[in-house]
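Structure, as structure tokens:
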Amino acid sequence: MLSKLLIANRGEIALRILRAAKELKIPTVAAYSEADKDLMHVKMADESICIGPADSSQSYLNIPAIISAMELSGSDGVHPGYGFLSENPDFAEKVEKSGFDFVGPSASVIRMMGNKVSAKEFALKSGLPIVPGSSGAVDENVHEEAEKLGYPVIIKAASGGGGRGMKIVYSPEELDSAIELTQQESAVAFGDSTVYLEKFLENPRHIEVQVLADRHGNIIHLGDRDCSLQRRHQKVIEEAPALGIKEEKRQEIYEQCIEACRQLDYVSAGTFEFLYENDNFYFIEMNTRIQVEHPVTESVTGIDLVKLQLRIARDEEIKIKQEDIVLKGHAIECRINAENSETFLPSPGKILEYHAPGGIGVRMDSHLYKDYVVPPYYDSLIAKVICRANDREDARARLERALDEMYVLGIDTNLEMHRKLINDPNFINGTFNINYLENLNKEK
Ligand code: MV4
């Protein structure tokens with residue numbers, strides 16, 4: 001049981017996983033693509049193994065190559081990180097069937113949550129509040145249902161998620177064609193034409209709840225995060241806890257998430273995603289992986305989520321009791337990307353000079369080092385800067401200071417955009433929702 005861990009990911013999260021494994025004295029194997037032999041975690045791992053060409057379809061998404069790498073290296077567990085194969089039920093199943101441990105929940109839970117219709121059906125049954133809409137896939141009553149919900153409505157692909165396969169419908173005349181188009185697009189993109197209907201919420205916030213569960217029936221929540229500031233479905237800034245939610249409302253949604261985990265027999269770290277509007281939570285999806293923004297939760301709880309994922313995979317019990325989890329202050333994370341500030345296009349290349357921020361309350365998760373070459377093949381995240389302080393304003397001021405200290409020369413980054421954004425009055429006041437950043441960019 002996790003006598004050797006294969007890390008099936010790259011970049012900052014691969015390093016994050018390696019660090020957690022080291023603290024648990026678990027030997028590590030870095031599985032890397034031909035473009036990634038110089039990654040920091042590849043150098044630091046006990047062993048490393050090339051799993052294929054740069055193109056992720058032939059390496060980080062190549063299930064047989066990763067299973068072979070586990071066999072060849074004598075690994076008995078795999079951490080998938082986020083993205084890539086982290087929420088691929090066929091991969092989790094293959095790992096399970098090969099007698100290895102997958103650091104995450106069971107393949108069947110991943111499969112259920114991967115289908116947004118079955119995820120919502122489960123959420124409803126378990127007592128979570130869901131966005132009003134069709135019960136299951138759309139059928140011949142869809143016009144009637146849309147009329148009842150009131151326009152605008154949204155058509156979503158059951159196999160979509162993360163913003164892919166959605167269409168907003170403002171009037172009954174557009175409904176049939178929107179359904180057809182979404183069906184066609186999702187058949188091509190996901191090999192599944194199932195679509196469902198929801199009331200479209202116009203200006204919600206995106207709030208999510210972090211949970212952790214072990215194989216012994218212990219389930220805890222680690223509070224919430226606000227991830228409303230996003231651009232094209234890529235989160236830009238996240239924070240914990242979310243602002244302005246009544247304590248009663250918070251406790252209620254936490255209880256509902258824990259109950260849902262109980263009914264799912266959920267194991268490992270997980271996130272319930274909600275839209276939040278007019279004091280109400282509406283479940284949209286569940287993420288069955290560790291998320292990019294997990295450090296804000298770690299910062300306010302003091303709990304190492306990745307280490308606990310590994311311990312849970314080793315069948316250990318979570319020893320932390322819910323009442324011992326006391327949120328300390330506030331944390332904010334900025335995602336630093338290698339991208340052009342005007343076009344938002346990726347900006348790969350060699351890091352000529354580089355300085356990481358430090359000091360009290362500052363955490364930086366990054367795989368960067370001087371002379372590292374950011375490859376063009378993958379997502380452009382190069383660093384996460386996370387600041388914690390006793391209240392939000394102090395965390396924000398600390399973040400401003402940390403971003404001022406930081407520099408990355410040789411490639412374009414969105415550092416300057418972050419420096420501006422955290423000084424935006426609406427960010428300072430917490431008056432934003434999921435549409436805020438995109439509207440701000442349109443104004444320019
Ligand atoms: C919605 C919505 C409004 N109403 N559903 C986008 C990604 C996927 N996880 C669900 N998404 C949305 N679903 C209803 N009924 C608006 C979005 C949405 C969004 C949600 C969370 C964070 C950012 C977003 C950006 C655009 C749209």
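Numbering of ligands and ligand atoms starts at 1, following listing order.
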Q | Charged tip of R225 within 45° of Y276 ring normal and under 6.0 Å | A | no
Q.
Within the supplied structure, the quantity of interest is the number of heavy atoms (other residues, nucleotides, ligands) at a distance under 6.0 Å from D391 CG; does it exceed 12?
A. yes
**Q.** Side-chain (R10) to main-chain (L39) donor-acceptor, under 3.5 angstrom
**A.** no
Q | Summary of ring-ring contact (aromatic ring centres under 6.0 Å, His included) pairs that have at least one residue in residues 210-266, sequence neighbours excluded | A | H221-Y254
Q | Ionic contact status for R401 with E405, cut-off 4.0 Å | A | yes
Could you list each nitrogen or oxygen of ligand 1 that sits under 3.5 Å from a protein nitrogen or oxygen, with the atom names and the distance?
unit_1, atom_1, unit_2, atom_2, d
ligand 1, 4 (N), L201, N, 2.9
ligand 1, 5 (N), K156, NZ, 2.9
ligand 1, 5 (N), E198, OE1, 3.4
ligand 1, 9 (N), E285, OE2, 2.8
ligand 1, 13 (N), K156, NZ, 3.0
ligand 1, 15 (N), E198, OE1, 2.9
ligand 1, 15 (N), K199, O, 2.7

Q.
With a 3.5 Å distance limit and no angle check, can you tell me whether R314 reaches the backbone of L2 through a side-chain donor-acceptor pair?
A. no
